[in-house]
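It should be emphasised that the depicted structure is a prediction, and the values quoted were computed from it without experimental measurement. In what follows, chains are A, B, ... by sequence order, proteins preceding strands, each numbered from 1.
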2 protein chains.
Amino acid sequence: MTTEDRIKKTALTLFLEKGFERTSIRDIALKAKINIALLNYYFRSKENLFNSIFSGLLEKYTPTLNGILGSSLPIEEKIHLYVEEYIDILLENPKLTYFVLSVLHRNPDKITQMKIFQSLYNTGDFSKQFAEEVRKGNIKDVDPTQFFINMLSLITFPFTIKQVIMEKNHMNEDTFEQFMHQRKQVITDMLLLTIKK
Amino acid sequence: MTTEDRIKKTALTLFLEKGFERTSIRDIALKAKINIALLNYYFRSKENLFNSIFSGLLEKYTPTLNGILGSSLPIEEKIHLYVEEYIDILLENPKLTYFVLSVLHRNPDKITQMKIFQSLYNTGDFSKQFAEEVRKGNIKDVDPTQFFINMLSLITFPFTIKQVIMEKNHMNEDTFEQFMHQRKQVITDMLLLTIKK
DNA sequence: AATTATTTTAAACAAACGTTTAAAACAATA
DNA sequence: TATTGTTTTAAACGTTTGTTTAAAATAATT
């Protein structure tokens with residue numbers, strides 16, 4: 001692995017664990033076993049390093065999800081697949097949701113938000129299909145925006161309070177994972193129930 | 001207003017707006033028009049000031065919500081009231097959810113989490129009643145834990161991505177508030193639908 | 001083998017941070 | 001009015017922060 005990649009990998013781990021502000025470039029350098037100056041040699045600044053990492057994350061995970069939403073599958077199938085895939089991604093990367101939220105709140109300017117939610121909140125195709133199904137009378141007359149937010153909330157929010165859920169319900173890592181697998185069905189059933197006539 | 005209260009009020013505004021790390025005690029002192037040393041005179045440290053503010057917030061908002069959950073109302077009524085009250089609270093304080101999440105992630109030790117979720121995730125009474133209704137055959141056999149997480153997710157998560165929702169759907173503050181008022185009914189209907197036999 | 005380009009290093013930079021000091025200003029008490 | 005207690009002030013403290021410098025080490029090129 002190149003020095004550049006080792007920096008990125010180490011930095012990501014620390015950013016996920018402790019957040020941007022509480023991770024110093026000395027923390028990163030120490031853990032990656034590199035000189036501090038190399039951080040500014042490869043990336044111009046800490047902020048730049050972060051953005052590079054974050055872009056990489058979006059590029060890694062969004063194509064699959066947006067692929068599902070943009071496909072030509074029937075809407076029920078899309079919902080089912082989307083829920084399953086999204087939860088699988090978050091099970092592999094449980095801190096991802098809070099990570100994205102922290103970016104959103106640290107960087108409230110519109111351009112940044114645009115980029116993020118154009119990837120992560122890509123409702124365009126889905127909403128059109130949803131509205132069309134409503135028009136055809138195939139599903140109940142539900143607001144597509146409300147529906148998409150429901151889906152997003154049910155999938156992602158539990159991961160932001162993972163530790164709370166675990167402690168409150170006496171779970172370990174394994175039982176939490178099991179709980180989330182069950183949750184795929186819970187969420188899908190719930191969502192389909194609200195649109196089924 | 002006393003100096004102590006002016007510090008707390010100003011600090012809360014800044015903590016909500018920029019977060020703990022990005023708010024310096026000099027920012028607070030400047031905005032509250034007080035000397036920096038007064039901060040350590042009234043509160044021993046920045047961390048202590050924060051905890052004092054956070055405790056105050058929990059004491060302010062949790063009694064109402066836990067009062068609903070702990071009441072002797074029928075479960076459908078509880079759900080309805082809880083959703084309405086919680087959304088009203090968050091409409092008054094839209095950054096509260098992310099604020100709580102940031103505390104959870106900054107302070108991952110168990111004792112802190114206990115205190116927070118004993119207030120904010122007080123499922124004890126509710127889960128018992130829920131399980132009892134299932135046993136009696138009054139509602140569908142749904143996992144109380146999953147149900148409570150559904151409710152919490154649907155209510156709180158949208159506020160953590162408020163800016164994204166607004167920009168994506170061309171909303172202003174008023175239309176967002178309207179959207180959230182509609183959402184009370186959306187969420188209640190959805191939750192009742194999943195348990196109604 | 002000599003030269004150029006790239007990568008890594010140790011050391012220092014200025015700025016910002018939370019915190020503390022000790023004296024001054026003010027209020028309350030006797 | 002003199003004295004005690006409380007509140008506020010200006011200034012400085014030692015650390016830590018992200019960043020930069022300039023030289024050394026290594027790799028690539030001719």
Side-chain angles (χ1 to χ4, degrees), chain A residues 1-57 95 98-99 102-109 111-112, chain B residues 1-57 95 98-99 102-109 111-112:
Chain A
M1 203 185 334
T2 68
T3 306
E4 192 175 340
D5 286 338
R6 211 161 72 254
I7 295 175
K8 277 180 132 182
K9 194 185 170 187
T10 311
L12 173 59
T13 307
L14 290 172
F15 285 149
L16 284 171
E17 187 188 324
K18 310 205 295 169
F20 180 77
E21 286 89 357
R22 294 166 63 91
T23 301
S24 73
I25 59 170
R26 280 170 183 82
D27 288 341
I28 300 168
L30 194 73
K31 193 166 184 187
K33 287 172 187 166
I34 53 115
N35 191 283
I36 324 168
L38 281 180
L39 244 145
N40 288 69
Y41 174 74
Y42 285 104
F43 313 89
R44 291 197 322 279
S45 64
K46 185 190 175 188
E47 190 77 39
N48 220 55
L49 165 63
F50 183 90
N51 290 337
S52 172
I53 290 171
F54 188 70
S55 300
L57 276 180
K95 301 201 170 175
Y98 180 74
F99 191 68
S102 72
V103 175
L104 238 42
H105 284 252
R106 171 156 33 86
N107 217 332
D109 66 287
I111 298 159
T112 308
Chain B
M1 205 187 332
T2 68
T3 305
E4 191 175 341
D5 286 339
R6 210 162 72 254
I7 294 175
K8 278 181 133 183
K9 195 186 170 187
T10 311
L12 173 59
T13 307
L14 289 172
F15 284 149
L16 283 171
E17 188 189 322
K18 312 202 298 168
F20 179 77
E21 286 90 358
R22 292 167 64 90
T23 301
S24 73
I25 59 170
R26 281 171 184 81
D27 287 340
I28 300 168
L30 193 74
K31 192 167 184 187
K33 288 172 186 167
I34 52 114
N35 191 284
I36 324 169
L38 282 180
L39 243 145
N40 288 70
Y41 174 74
Y42 286 105
F43 312 90
R44 291 198 321 279
S45 66
K46 186 190 175 187
E47 191 77 39
N48 221 54
L49 164 64
F50 183 89
N51 290 337
S52 172
I53 290 171
F54 188 70
S55 299
L57 276 180
K95 300 200 170 175
Y98 180 74
F99 191 68
S102 72
V103 175
L104 238 41
H105 283 253
R106 171 157 33 86
N107 217 333
D109 66 285
I111 297 157
T112 308

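- A cation-pi geometry, defined here as NZ or CZ lying under 6.0 Å from the six-membered ring centre and within 45° of its normal, holds between Lys46(A) and Phe20(A).
- The shortest non-hydrogen separation linking Lys33(A) to Arg6(A) is O-NH2, 3.8 Å.
- Thr2(B) and Asp5(B) are linked by a side-chain donor-acceptor pair at a separation below 3.5 angstrom, with hydrogens and angles left out of the test.
- Across all strands shown, Leu39(A) has no heavy atoms under 4.0 Å from either base or sugar-phosphate atoms.
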Next on the checklist: Would Phe99(B) and Phe54(B) count as a side-chain contact (heavy atoms from CB on, under 4.5 Å) here? Give the steps.
Outcome noted: CA-CA 9 Å; Phe99(B) 191 68; Phe54(B) 188 70; 3.5 Å; yes
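- The residue Tyr42(B) sits close only to the backbone: its heavy atoms come under 4.0 Å of sugar-phosphate atoms, none of a base.
- Between the Asn40(B) side chain and the Ala37(B) main chain, no donor and acceptor come within less than 3.5 Å of each other.
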Next on the checklist: Using side-chain contact (heavy atoms from CB on, under 4.5 Å), reason through Tyr41(B) and Thr3(B) one step at a time and then give a plain yes or no.
Outcome noted: CA-CA 11 Å; Tyr41(B) 174 74; Thr3(B) 305; over 6 Å; no
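- To the nearest 0.5 Å, atoms CG (Leu49(B)) and CD1 (Ile25(B)) are separated by 9.5 Å.
- In the 5' to 3' direction, nucleotides of DNA chain C lying under 4.0 Å from heavy atoms of chain A begin and end at dT6(C) to dA12(C).
- If you measure from atom OH of Tyr41(A) to atom P of dT26(D), you get 15 Å, rounded to the nearest angstrom.
- Computed from coordinates, the Ile7(B) CD1 to dT8(D) P distance equals 8 Å when rounded to whole Å.
- Between the C1' atom of dT19(D) and the CD1 atom of Ile36(A) lies a distance of 10 Å, rounded to the nearest Å.
- Heavy-atom minimum distance, Ala29(B) versus Leu39(B): N-CD1, 4.4 Å.
- Between Arg22(B) and Asp27(B), the shortest heavy-atom distance links the atoms O-OD2, 3.9 Å.
- Under 4.0 angstrom from either OP1 or OP2 of dT7(D) there lies no side-chain N or O belonging to Thr3(B).
- In this structure, the side chains of Ile34(A) and Thr10(A) stay at 4.5 Å or more apart for every pair of heavy atoms.
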Item to check | Criterion side-chain contact (heavy atoms from CB on, under 4.5 Å) on Phe50(B) and Ser45(B), from CA distance to verdict | outcome: CA-CA 9 Å; Phe50(B) 183 89; Ser45(B) 66; over 6 Å; no
Item to check | Bracket string, DNA chain C, 5' to 3' - pairs by Watson-Crick or G-U geometry under 3.5 Å, | interstrand | outcome: ||||||||||||||||||||||||||||||
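- Distance CG (Leu38(B)) to P (dA11(D)): 16 Å, rounded to an integer number of Å.
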Show the distances under 3.5 angstrom between N or O atoms of the protein and N or O atoms of nucleotides 16-18 of chain D.
residue, atom, partner, partner atom, Å
dG18(D), OP1, Lys46(A), NZ, 2.7
dG18(D), OP2, Ile25(A), N, 3.0
dG18(D), N7, Arg26(A), NH1, 2.9
dG18(D), O6, Arg26(A), NH2, 2.9

